[in-house]
A.B. asks: 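Okay, handing you the structure first.
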Amino acid sequence: MIDIELIRKTPDIVRESLRKRNMGESALDEVIAADEEWRKTLTEINQMRKERNELAREIANSNERERLISETKEIADSIAKKESDLKTIEEKRFSLLSRIPNIILPSVPYGKSDDDNVEIKRWGTVKTLDFEPKDHVDIGLALDLFDIERAAKVSGARFFYLKGDAVFLELALVRYAFDALLKEGFVPVIPPVLTREFALFGTGFLPFGEENIYRIKGEDLCLVGTAEVPLGAMHSNEIFSHKELPKYYAGFSTCFRTEAGAHGKDTKGIFRVHQFDKIEMFKYCLPEESESEHEKLLQTAERLYQGLGIPYRVVEVCSGELGASAAKKYDIEAFLPGQKEYREVVSCSNCLDYQARRLMIRYRSKEGDIKFVHTLNSTAIAIERTMVAILENYQQEDGSVLVPKALQQFMGKERIDK
RNA sequence: GCGGGGAUGGCCCAGGUGGUAAGGCGACAGCCUGCUAAGCUGUUGGCGCUUUGCGCCGCGUGGGUUCAAAUCCCACUCCCCGCGCCA
């Protein structure tokens, strides 16, 4: 949620931001109109309430009770009518406002699609193999690390059974990530994966991503697509002391996504699936620190992939590809020898106060006033995608896969083979 | 699921026989004091407007009764205690 004051006082900033996102500006004009109507109606109601209150006060000790009571009743009736109007207007105003995406930061490159993302860094050397690299599907099936056919029988397309060493590879990745993040001050968390709708609304996944969400029939519960949802909503309606900030959480959870609209993309293997596991980082911080925290968060994510020895590049996501909540976003893309391409494994966003406003997460400043915090989130390790990167980057000519050094202690072996 | 208790401003807590939110703590500002103490005064929920001010709303949420609801009635949510069920 952006600040309505921003719309009232500097609508051009909002307009410019919508333009950069390649979205229509009519949404903004509708909010402005609804806000004006709301204020006008509220002022009228306040005037009527004032009259009613004055009369009600008189009644207590008056000898004209009869007359005053009937007069007050009349006013009360017209107030009730007006109030129901106000409620309608208020709902409209809120719903329109909540559909305005976050303001984007000035440094964000303009663009329409992934192609316009700007590469800002490359790390690691892409090894030249003296054999034709296989993709993760072939490697995994040959080593019996997952069973996709039977998952399709049981659950449908885009599901998988993880088997054998893949199970321990997941556990090793989890332990590796938590150990590293613990050292950087993150509080490890395993959050609920079913949350109420407000948590998805608050983090900005609703109303923008409705079609991507699994819902529990007959209950106010949804399966989360990322731990960002429960980690962000965790402190909803709370007020931090400025001394508690910044606050870092690392949440490990299963993630559920319908992947509506992704038909035909990455249909094979475990790269794009309806259910996967992920460790997500989430920060609450002071507004003046969010930009530096964002850089720091990216570095933390980078170090995790450096530790695994996976070559990657960092791109700054262009304006048209930003999610609703993000004011700025970096992606880390790992190099996949099987696809000969860099593919997204990490998404690292600064949401400013957008989520905090929707979730009512505030802090008491040194000066004593209460303000909204800023929130940031980033993937730490997306287990399945990272597993894909490991399998493809560490594959050997004989079909086996070396275990990255950093994971060996947790795997108890140096190589995955038949 | 059943029974009992509870939800009031940043925090703690009073009010409960209907008449329009008291007090404490903390925080901030000022005063005083030759110490970062103590004391004194003020401010300290949200919103709107014609903005040194005026007003409205606000006691978990949503309804109802009433001229008037923190207070009475109904429904719901969450928390605590006990019982039941249970991995």
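Scope of the values below: all heavy atoms of this structure, side chains included, with no hydrogens, waters or symmetry mates. Numbered from 1 within each chain, the chains take letters A, B, ... in sequence-line order.
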A.B. asks: If I pick the P atom on B:C67 and the same atom on B:U61, what distance separates them, to the nearest angstrom?
C.D. replies: 25 Å

A.B. asks: Classify A:Leu55 by what it touches in the nucleic acid, base, sugar-phosphate, or nothing, heavy-atom distance under 4.0 Å.
C.D. replies: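 A:Leu55: no heavy atom of the nucleic acid under 4.0 Å.
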
A.B. asks: Using a cut-off of strictly less than 4.0 Å, decide whether A:Lys73 has a side-chain nitrogen or oxygen near OP1 or OP2 of B:C67.
C.D. replies: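 Result: yes.
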
A.B. asks: Please pick, from B:G48, B:C78, B:U20, the nucleotide with the shortest atom-to-atom distance to any side-chain atom of A:Thr43.
C.D. replies: B:G48

A.B. asks: Quick check: A:Phe240 with A:Tyr363 (ring centres under 6.0 Å apart)?
C.D. replies: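 That pair fails the under 6.0 Å test.
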
A.B. asks: Taking atom P in both B:U50 and B:A14, what distance in whole Å separates the two?
C.D. replies: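 Their P atoms lie roughly 42 Å apart.
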
A.B. asks: Please state the C1' separation for the pair B:C86 and B:G4 - nearest whole angstrom.
C.D. replies: 23 Å

A.B. asks: I need the CD-P distance between A:Glu44 and B:G48, as an integer number of Å.
C.D. replies: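 From A:Glu44 CD to B:G48 P: 16 Å.
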
A.B. asks: RNA chain B: A:Ile4 or A:Glu83, which has the more 5' nearest nucleotide?
C.D. replies: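 Closest to the 5' end, via its nearest nucleotide, is A:Ile4.
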
A.B. asks: State whether a side-chain donor-acceptor pair under 3.5 Å links A:Tyr305 with A:Thr386.
C.D. replies: yes

A.B. asks: Please report, rounded to the nearest Å, how far the P atom of B:C54 is from the CG atom of A:Leu42.
C.D. replies: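 Spelled out: CG on A:Leu42 to P on B:C54 is 19 Å.
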
A.B. asks: According to the Watson-Crick and G-U wobble definitions, with both distances under 3.5 Å, which nucleotide is paired to B:U66?
C.D. replies: none

A.B. asks: What does B:C56 pair with, Watson-Crick or G-U, if both distances are under 3.5 Å?
C.D. replies: B:G46

A.B. asks: Given B:G48, B:C67, B:C57, which nucleotide is nearest the side-chain atoms of A:Thr72?
C.D. replies: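 Within the option list, the nearest is B:C67.
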
A.B. asks: Using the C1' atom on both, measure B:C47 against B:U51 and round to a whole Å.
C.D. replies: 13 Å

A.B. asks: Does the distance from a Lys or Arg side-chain N to an Asp or Glu carboxylate O, for A:Arg39 and A:Asp35, drop under 4.0 Å?
C.D. replies: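 Yes, A:Arg39 and A:Asp35 are salt-bridged.
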
A.B. asks: Side chain of A:Asn53 only, please: which of B:C57, B:C47, B:C49 is the nearest?
C.D. replies: B:C57

A.B. asks: Does B:G18 have a Watson-Crick or wobble mate here (both distances under 3.5 Å), and if so which one?
C.D. replies: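 Partner of B:G18: none found under 3.5 Å.
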
A.B. asks: Strictly below 4.0 Å, N to O, side chains only: are A:Lys268 and A:Asp138 in salt-bridge contact?
C.D. replies: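 No, this pair does not count.
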
A.B. asks: When you get a sec, tell me which of B:C47, B:C67, B:C57 is the closest nucleotide to the side chain of A:Ala56?
C.D. replies: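 For the A:Ala56 side chain, the nearest candidate turns out to be B:C67.
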
A.B. asks: By the 4.0 Å heavy-atom rule, please label A:Arg196 as base, sugar-phosphate, or nothing.
C.D. replies: sugar-phosphate

A.B. asks: Find the distance A:Trp38:CH2 to B:C56:C1' and express it as a whole number of Å.
C.D. replies: 11 Å

A.B. asks: In the structure shown, which nucleotide is the Watson-Crick or G-U wobble counterpart of B:C78, with both distances under 3.5 Å?
C.D. replies: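 Its partner is B:G6.
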
A.B. asks: Using both distances under 3.5 Å as the test, list the Watson-Crick or G-U wobble partner of B:C40, or none.
C.D. replies: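 Its partner is B:G30 (Watson-Crick or G-U wobble, both distances under 3.5 Å).
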
A.B. asks: From CD1 of A:Ile59 over to P of B:G18, roughly how many Å is that when rounded to an integer?
C.D. replies: 17 Å

A.B. asks: Report the residue (A:Arg8 or A:Asn46) whose heavy-atom-nearest nucleotide on RNA chain B is the more 5′ of the two.
C.D. replies: A:Arg8

A.B. asks: Contact class for A:Arg362 vs. all strands (heavy atom < 4.0 Å): base, sugar-phosphate, or nothing?
C.D. replies: nothing

A.B. asks: Could you work out the separation of B:U71 and B:G16 based on their P atoms and round it to a whole Å?
C.D. replies: 13 Å

A.B. asks: Taking atom C1' in both B:C80 and B:C73, what distance in whole Å separates the two?
C.D. replies: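 Nearest-Å result for B:C80 against B:C73 at atom C1': 26 Å.
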
A.B. asks: Select one nucleotide: of B:C49, B:C57, B:G62, the one nearest the side-chain heavy atoms of A:Arg39.
C.D. replies: B:C49

A.B. asks: Regarding A:Tyr330 and A:Lys121, do their side chains bring together a donor and an acceptor under 3.5 Å, going by distance alone?
C.D. replies: no

A.B. asks: Output the single nucleotide from B:C56, B:G48, B:C67 whose closest atom is nearest the side chain of A:Ile69.
C.D. replies: B:C67

A.B. asks: Rounded off to whole Å, could you give me the CD-to-P distance for the A:Glu5 and B:G48 pair?
C.D. replies: 7 Å

A.B. asks: With a 4.0 Å cutoff (strictly under), does any side-chain N or O of A:Lys87 reach OP1 or OP2 of B:G63?
C.D. replies: yes

A.B. asks: When the P atoms of B:G23 and B:G45 are considered, how many whole Å apart are they?
C.D. replies: 14 Å

A.B. asks: In whole angstroms, how far is the C1' atom of B:G18 from the CZ atom of A:Arg57?
C.D. replies: 16 Å

A.B. asks: Going by an N to O cut-off under 4.0 Å, is there a salt bridge joining A:Glu197 and A:Arg215?
C.D. replies: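 A salt bridge is present here (some side-chain N lies under 4.0 Å from a carboxylate O).
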
A.B. asks: Write down the distance separating the P atoms in B:A70 and B:A37, rounded off to the nearest Å.
C.D. replies: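 So the two P atoms sit 41 Å from each other.
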
A.B. asks: Which is true for A:Lys82 with a 4.0 Å heavy-atom rule: it touches a base, it touches only sugar-phosphate, or it touches nothing?
C.D. replies: nothing

A.B. asks: When we call it a touch if two heavy atoms are under 4.0 Å apart, what does A:Arg93 touch: a base, just sugar-phosphate, or nothing?
C.D. replies: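 Answer is nothing: A:Arg93 stays at 4.0 Å or more from every strand.
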
A.B. asks: Students often mix this up, so state it plainly: with edges at 30° and 60°, are the rings of A:Tyr214 and A:Phe256 parallel, tilted or perpendicular?
C.D. replies: perpendicular

A.B. asks: Could you please name the partner base of B:C86, counting Watson-Crick and G-U wobble pairs only when both distances are under 3.5 Å?
C.D. replies: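 B:C86 is paired with nothing.
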
A.B. asks: A:Leu86 CG to B:C47 C1': how many Å, rounded?
C.D. replies: 11 Å

A.B. asks: Give the rounded distance in Å between these two atoms: CD of A:Glu90 and P of B:G48.
C.D. replies: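 In whole Å, B:G48 P lies 11 Å from A:Glu90 CD.
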
A.B. asks: Would you please indicate yes or no on a ring centroid separation below 6.0 angstrom for A:His235 and A:Phe282?
C.D. replies: no

